Amino acid sequence: MENTFVLTGIGTEVGKTVCSAVLVKVLAADYWKPVQSGDLHATDTMKVARWNGIELPSERFHPERWRLRTPMSPHAAADIDGVRIEAADFGLPKTTNPLLIEGAGGLFVPLNEQLTLLDVFAQWQLPTILVSYNYLGSINHTLLSIAQLRQRNIPIAGIIFNGPATPTTESVIEQMTGVPVLFRMPVLAEVNAQTITSTATQIQTELRSNLTAYLS
């Protein structure tokens with residue numbers, strides 16, 4: 001599918017959902033999070049829609065394939081709910097709009113005892129955007145994530161660095177991987193529709209320029 005991107009992270013709690021909201025705003029994209037584990041009263045789909053000023057239900061926000069009740073790894077949450085997640089469950093939603101697909105956690109999040117999110121991404125072979133957040137060990141986690149995407153021949157559209165700027169960390173990742181930086185996500189004092197719109201306005205020219213090869 002043209003204009004379709006997967007957004008993943010180097011781990012959990014690195015800001016994927018906030019970055020997703022900005023991407024949805026800039027690209028006027030649909031949004032889909034296939035697996036939601038826990039927080040069913042305040043899902044990532046609900047957050048991205050609210051931060052984009054869109055009321056649900058909306059044709060632009062596709063329902064999760066799996067809504068699991070327990071905030072655990074999907075394989076464990078699915079087991080508690082008495083269901084099993086399979087690779088065949090991940091057919092892409094149909095849309096004529098750009099589409100952003102947000103993963104859950106990092107690449108090796110297990111969906112069952114044999115299947116990971118990385119396997120699903122390899123099945124799709126869609127351009128993937130990696131969110132990196134600086135912490136002790138984040139260089140290693142970022143390099144490992146890029147290496148795994150490349151090993152599975154998954155195209156990498158670029159990196160988003162989220163959080164406080166750390167030039168020495170960011171520069172060594174750029175130099176060692178050659179993966180382009182799409183934009184730097186600023187630290188937001190509060191995440192709401194206004195700050196997401198402001199951020200999208202600030203970075204939209206840079207983002208669109210860096211994604212030119214993937215946008216029709």
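Just so it is clear, the model here is predicted, and its values are computed rather than measured.
Of the residues Ile203, Ile160, Val131, the one that meets the side-chain contact (heavy atoms from CB on, under 4.5 Å) test with Met185 is Ile160.
Taking 4.5 Å as the limit, some side-chain heavy atom of His41 sits within range of a side-chain heavy atom of Asp39. Put simply, the side chain of Phe161 reaches to within 4.5 Å of the side chain of Val181, judged on heavy atoms. Two residues are said to be in side-chain contact when any heavy atoms from C-beta on lie closer than 4.5 Å; His75 and Ile85 fail this criterion. Here the side chains of His141 and Tyr135 are in contact, with some heavy-atom distance below 4.5 Å. A 4.5 Å side-chain heavy-atom check between Val22 and Lys25 finds every atom pair outside the cut-off. With contacts defined as side-chain heavy-atom distances shorter than 4.5 Å, the pair Ser73/Pro110 qualifies. Residues Trp51 and Thr195 fail the side-chain proximity criterion, which asks for heavy atoms closer than 4.5 Å. In this structure, the side chains of Leu107 and Leu117 stay at 4.5 Å or more apart for every pair of heavy atoms.
Side-chain heavy atoms closer than 4.5 Å link hydrophobic residues (I, L, V, M, F, W, Y) into clusters, and following such links, even through other members, never connects Trp66 to Leu40. Using a 4.5 Å cut-off between side-chain heavy atoms of Ile, Leu, Val, Met, Phe, Trp and Tyr, with links allowed through other members, Met176 and Leu144 fall into different hydrophobic clusters. By the criterion of side-chain heavy atoms lying less than 4.5 angstrom apart, applied directly or through intervening Ile, Leu, Val, Met, Phe, Trp or Tyr residues, Phe61 is grouped together with Leu92 in one hydrophobic cluster. Under the 4.5 Å side-chain heavy-atom criterion for ILVMFWY residues, no single connected hydrophobic cluster contains both Ile80 and Leu111. Val83 and Met72 fall into different hydrophobic clusters, where Ile, Leu, Val, Met, Phe, Trp and Tyr residues are linked whenever their side-chain heavy atoms come under 4.5 Å apart, directly or through other members.
Nearest approach of Ala104 to Val35, heavy atoms of both residues: CB-O, 4.1 Å. Taking both residues in full, the closest heavy atoms of Ser132 and Ile10 are given as OG-CD1, 3.8 Å, listed atom of the first, atom of the second, then distance. Nearest approach of Ala28 to Pro98, heavy atoms of both residues: O-CD, 4.0 Å. When all heavy atoms of Ile54 and Arg60 are compared, the pair lying nearest together is CD1-NH1, 3.4 Å. Closest approach of Arg150 to Thr177, counting heavy atoms only: NH2-O, 2.7 Å. Minimum heavy-atom separation, Trp32 to His62: CD1-O, 3.5 Å.
The pair Glu206-Arg184 fails the salt-bridge criterion, with no side-chain N (NZ, NE, NH1 or NH2) lying under 4.0 Å from an Asp/Glu carboxylate O. Using a cut-off of 4.0 Å between Lys/Arg side-chain N and Asp/Glu carboxylate O, Arg152 and Asp119 are scored as salt-bridged. A salt bridge links Lys33 to Glu102: one of the charged nitrogens lies within less than 4.0 Å of a carboxylate oxygen.
Between the side chains of Gln194 and Ser198, not a single donor N or O lies within less than 3.5 Å of an accepting N or O.
The main-chain N or O of Phe90 is found under 3.5 Å from a side-chain atom of Trp124 such that the two form a donor-acceptor pair. Within the 3.5 Å criterion, the main-chain N or O of Glu86 finds a donor-acceptor partner in the side chain of Asp89. No side-chain donor-acceptor contact under 3.5 Å links Asn52 to the backbone of Ala193. Distance alone, capped at 3.5 Å, places no donor-acceptor pair between the Thr8 side chain and the Val6 backbone. Formation of a donor-acceptor pair under 3.5 Å by the Ser20 side chain with backbone atoms of Lys16 is found in this model.
Annotation: side chain to side chain donor-acceptor pair (under 3.5 Å) contacts of Gln123 (sequence neighbours excluded): none.
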For the pair Asp30 and Leu100, evaluate side-chain contact (heavy atoms from CB on, under 4.5 Å) and give the outcome as yes or no after the intermediate values.
-> CA-CA 6 Å; Asp30 287 14; Leu100 183 72; over 6 Å; no
Test Ile154 against Gln125 for side-chain contact (heavy atoms from CB on, under 4.5 Å), laying out the working first.
-> CA-CA 5 Å; Ile154 299 169; Gln125 288 292 307; 3.8 Å; yes
When you look at Thr95 and Thr4, which way does the side-chain contact (heavy atoms from CB on, under 4.5 Å) test go after all the steps?
-> CA-CA 10 Å; Thr95 179; Thr4 299; over 6 Å; no
Could you please spell out the steps behind the side-chain contact (heavy atoms from CB on, under 4.5 Å) verdict for Thr45 and Gln36?
-> CA-CA 9 Å; Thr45 301; Gln36 174 75 38; 5.5 Å; no
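Under a cut-off of 6.0 angstrom, the local environment of CD in Glu113 is crowded, with over 12 non-hydrogen atoms contributed by other residues, nucleotides or ligands.
For the atom pair Thr43 OG1 and Met46 CE, the distance stands at 4.0 Å (nearest 0.5 Å). Of the inter-residue distances, the one linking Tyr31 atom OH with Ser58 atom OG reads 13.0 Å to the nearest 0.5 angstrom. Note: Ile196 CD1 to Arg50 CZ = 10.5 Å, rounded to the nearest 0.5 Å. With rounding to the nearest 0.5 angstrom, the CG atom of Leu182 is 5.5 Å from the CD1 atom of Ile129. The distance from atom OH of Tyr133 to atom OG1 of Thr142, rounded to the nearest 0.5 Å, is 13.0 Å. Within the model, atoms CZ of Phe5 and CG of Leu27 stand 6.0 Å from one another, a figure rounded to the nearest 0.5 Å.
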